[in-house]
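Inspection log for the structure reproduced underneath, given as structure tokens.
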2 protein chains.
Amino acid sequence: MKDVAARAGVGLKTVSRVVNGEQGVSVDTEHRVREAITALGFRRNDSARTLRKGRTASIGLVLEDLADPFYAPLSRAVEEVARAHGALLINGSSAESPEREQELVLALCARRVDGLVIIPAGDDHRYLTPEIDAGVAVTFVDRAPGLIEADVVRSDSYGGAREGTAHLLAHGHRRVGFLGDQPHIQTATERLRGYRDAMAESGLPVDPAWTSLGPTDPERISAETRRMLTGPRPVTALFAGNNRTTVTVVRELAAHQGPPVALMGFDDFELAELLTPPVSVVAQDPAQLGRTAAELLFRRLDGVTEPPRQLTLPIRLVARGSGELHPYE
Amino acid sequence: MKDVAARAGVGLKTVSRVVNGEQGVSVDTEHRVREAITALGFRRNDSARTLRKGRTASIGLVLEDLADPFYAPLSRAVEEVARAHGALLINGSSAESPEREQELVLALCARRVDGLVIIPAGDDHRYLTPEIDAGVAVTFVDRAPGLIEADVVRSDSYGGAREGTAHLLAHGHRRVGFLGDQPHIQTATERLRGYRDAMAESGLPVDPAWTSLGPTDPERISAETRRMLTGPRPVTALFAGNNRTTVTVVRELAAHQGPPVALMGFDDFELAELLTPPVSVVAQDPAQLGRTAAELLFRRLDGVTEPPRQLTLPIRLVARGSGELHPYE
DNA sequence: TTGAAAGCGCTAACAG
DNA sequence: CTGTTAGCGCTTTCAA
């Protein structure tokens, strides 16, 4: 910028004005400055700008796994909102590890992102308190933060699981299995609770063998699916607790010998309608989740101060066939 | 940092040494400094550090659409490599618009990312020359840059399309349709060329009605699919030029009345093996693409100077059923 | 082992 | 309309 000023024969501040499109530069001067800028290939150094202004015009997004199709639309939606506010998006995957989440979040804070959208992996977010006090805006998505207060945007996990399970029961099932994520993940336990309540409301007992919470790697899910489908009291329907699980269950059911098993999945996924049978789901809207969270974040950045908000987005039951199968006995 | 120094009763530089784990601080002093750091909730301001050091330890990734399942593993792989090198990943979607690509790239450069991994949307990248001269490392993925020299990592589009088409021909097809992306996207024309060469090698003419390049929105793809399947000389097999297209074609074929149509898709996609019939594809390895590109980038950042490299990764034909259907006549 | 001073490139505040 | 000065928070250099 100094060089540009020298070449254009003007002061530093004038160049700054031109670069930032500020008022108060004569057309002629502006022209000379612009010429110098192009000639020198000058581009403003945003690090210096950030240092001076205190704002980076960038926000961070921390999610579990960028490659999970569920998060792709969410991430995209956050990016869109950021772009609309002139901000860049820095993102990272926590790989469901609380340590990695913290490491990532603190790295983003060191870079002085203006705000953070976090899909929490851990359940203790007190490490964020100094950052929040220092002015970083934080919004949580999909799950509530642990031990701190902050904005949260979630889907109605409990209601969705309850409605999905009730849907299976309405089609005559009495032995329904539930395959969920690890118990330390809030949504997993909430969905399990929805399942249990739906069963209870129909006066049905839940055999402990019918529920399974744990890692969603295909090996475990496949093994648990097989286990629930065999034995003295096999389930006639399954509720899969998230999209990764549903896909694995579908694979397992395709290989499964015997009468058709009903299936409801939590989360929608691409091509669900083209499988045999088409897969019924209770669907969240990940893009809406991301959009809402990002907008909430920018509201905070725009200076809106109000107590932390807890938003819950509704869930939509999509009946396609697999959830409407009747029990085989 | 100043505050920390004051509180610990040491000089600024000593705090800096402790924060950066440098040599030459007595155990006792270090202890005092660390205490002050925790007490004050101090975190190094990376903007200032960047300004001083000239390196940001962050790289940019510019792709078409974060929500496209094809790019998710790629993005993830780049992130992994970045993480291994202690760098953060900033990413953005160009939405296939050359203007937006440039805007995004320049924004990333203004932020002084150390390097860029770009899946180009445009075909003129001369705007990058000043940045490259200024020391930004750039690697292109999936397609070559336009009018500049730089590292490129690609899949063998030509060979894959040729092999996939030949596979259909080997199963007896003589009228094969090709549905591709917009002609200004390199991979689209290369895949078309592979298709044409495979046809020519079998001595088969290509009716202009059998090929279609253009936007991959479902409406256009569906309409073109229907068009190719009707009329006086309908195709008996289709080659779909990318994963988005393949999925749309699958949907269209599922709704299609009449004898089964063979299908080969470019790019693999989740659940392809569970469709009816299972979809045969020529598959790239997007994670490998991303990993290779990122590693090439960091080689450059580590100071390796060698002429730009052009890497081509092989493609794998996955026969699942849809590509092995014989023609219906 | 420690610290003082200079300066990275920019913008805010205040002159002219 | 334009320029000068100070300083954002850090690291580099050099001296103690």
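Within every chain, numbering begins at 1; the chains are lettered A, B, ... in the order of the sequence lines, protein sequences first and strands thereafter.
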TODO: Using only heavy-atom distances, determine whether the side chains of Q284(A) and S155(A) contain a donor-acceptor pair under 3.5 Å.
DONE: yes
Open item on the list: Please give me the minimum heavy-atom distance between S47(B) and T50(A), naming the atom from each residue.
Closed with: OG-CG2, 2.9 Å
- [ ] To the nearest 0.5 angstrom, please state how far the CG atom of D181(B) sits from the CD atom of Q186(B).
- [x] 12.0 Å
Open item on the list: Could you tell me the boundaries of the chain A footprint on DNA chain D, defined by atoms under 4.0 Å from its heavy atoms?
Closed with: dC1(D) to dG9(D)
If the condition is salt bridge (Lys or Arg N to Asp or Glu O under 4.0 Å), which residues does [X] pass it with, not counting sequence neighbours?
X	answer
R291(B)	none
E295(B)	none
R34(A)	E30(A)

Using distance only, find each side-chain donor-acceptor pair of residues 62-75 of chain A under 3.5 Å and give its atom names and separation, not counting sequence neighbours.
{"residue": "E64(A)", "atom": "OE1", "partner": "Y71(A)", "partner atom": "OH", "Å": "3.4"}
{"residue": "E64(A)", "atom": "OE2", "partner": "R143(A)", "partner atom": "NH1", "Å": "2.9"}
{"residue": "E64(A)", "atom": "OE2", "partner": "R143(A)", "partner atom": "NH2", "Å": "2.4"}
{"residue": "D65(A)", "atom": "OD1", "partner": "A67(A)", "partner atom": "N", "Å": "2.8"}
{"residue": "D65(A)", "atom": "OD1", "partner": "R76(B)", "partner atom": "NH1", "Å": "2.3"}
{"residue": "D65(A)", "atom": "OD2", "partner": "R76(B)", "partner atom": "NH1", "Å": "3.1"}
{"residue": "D68(A)", "atom": "OD1", "partner": "F70(A)", "partner atom": "N", "Å": "2.8"}
{"residue": "D68(A)", "atom": "OD1", "partner": "N243(A)", "partner atom": "ND2", "Å": "3.4"}

- [ ] Find the bend of the helix from dT1(C)-dA16(D) to dG16(C)-dC1(D) as the angle between its two terminal axes (five pairs each), to the nearest 10°.
- [x] 30°
TODO: Specify the residues of residues 25-41 of chain A, ordered by number, for which at least one heavy atom lies under 4.0 angstrom from an atom of DNA chain D.
DONE: V25(A), S26(A), T29(A)
Open item on the list: For residues 10-20 of chain B, which residue pairs pass the salt bridge (Lys or Arg N to Asp or Glu O under 4.0 Å) check, not counting sequence neighbours?
Closed with: K13(B)-E22(B)
Open item on the list: Is there a side-chain contact (heavy atoms from CB on, under 4.5 Å) between D28(B) and R32(B)? Walk through the geometry before answering.
Closed with: CA-CA 6 Å; D28(B) 183 50; R32(B) 282 214 319 286; 3.5 Å; yes
Can you check nucleotides 8-11 of chain C for protein contacts, nitrogen or oxygen pairs under 3.5 Å, and list what you find?
{"residue": "dG9(C)", "atom": "N2", "partner": "A48(A)", "partner atom": "O", "Å": "3.4"}
{"residue": "dC10(C)", "atom": "OP1", "partner": "N45(A)", "partner atom": "N", "Å": "3.0"}
{"residue": "dC10(C)", "atom": "OP2", "partner": "M1(A)", "partner atom": "N", "Å": "3.1"}
{"residue": "dT11(C)", "atom": "OP1", "partner": "N20(A)", "partner atom": "OD1", "Å": "3.4"}
{"residue": "dT11(C)", "atom": "OP1", "partner": "N20(A)", "partner atom": "ND2", "Å": "3.1"}
{"residue": "dT11(C)", "atom": "OP1", "partner": "R49(A)", "partner atom": "NE", "Å": "2.9"}
{"residue": "dT11(C)", "atom": "OP2", "partner": "S16(A)", "partner atom": "OG", "Å": "2.8"}
{"residue": "dT11(C)", "atom": "OP2", "partner": "N20(A)", "partner atom": "ND2", "Å": "3.4"}
{"residue": "dT11(C)", "atom": "O2", "partner": "R52(A)", "partner atom": "NH1", "Å": "2.6"}

Listed partners of [X] passing side chain to side chain contact (heavy atoms under 4.5 Å, CB included), at least two apart:
X	result
Q23(A)	none
V27(B)	none
I132(A)	L128(A), V138(A), I148(A)

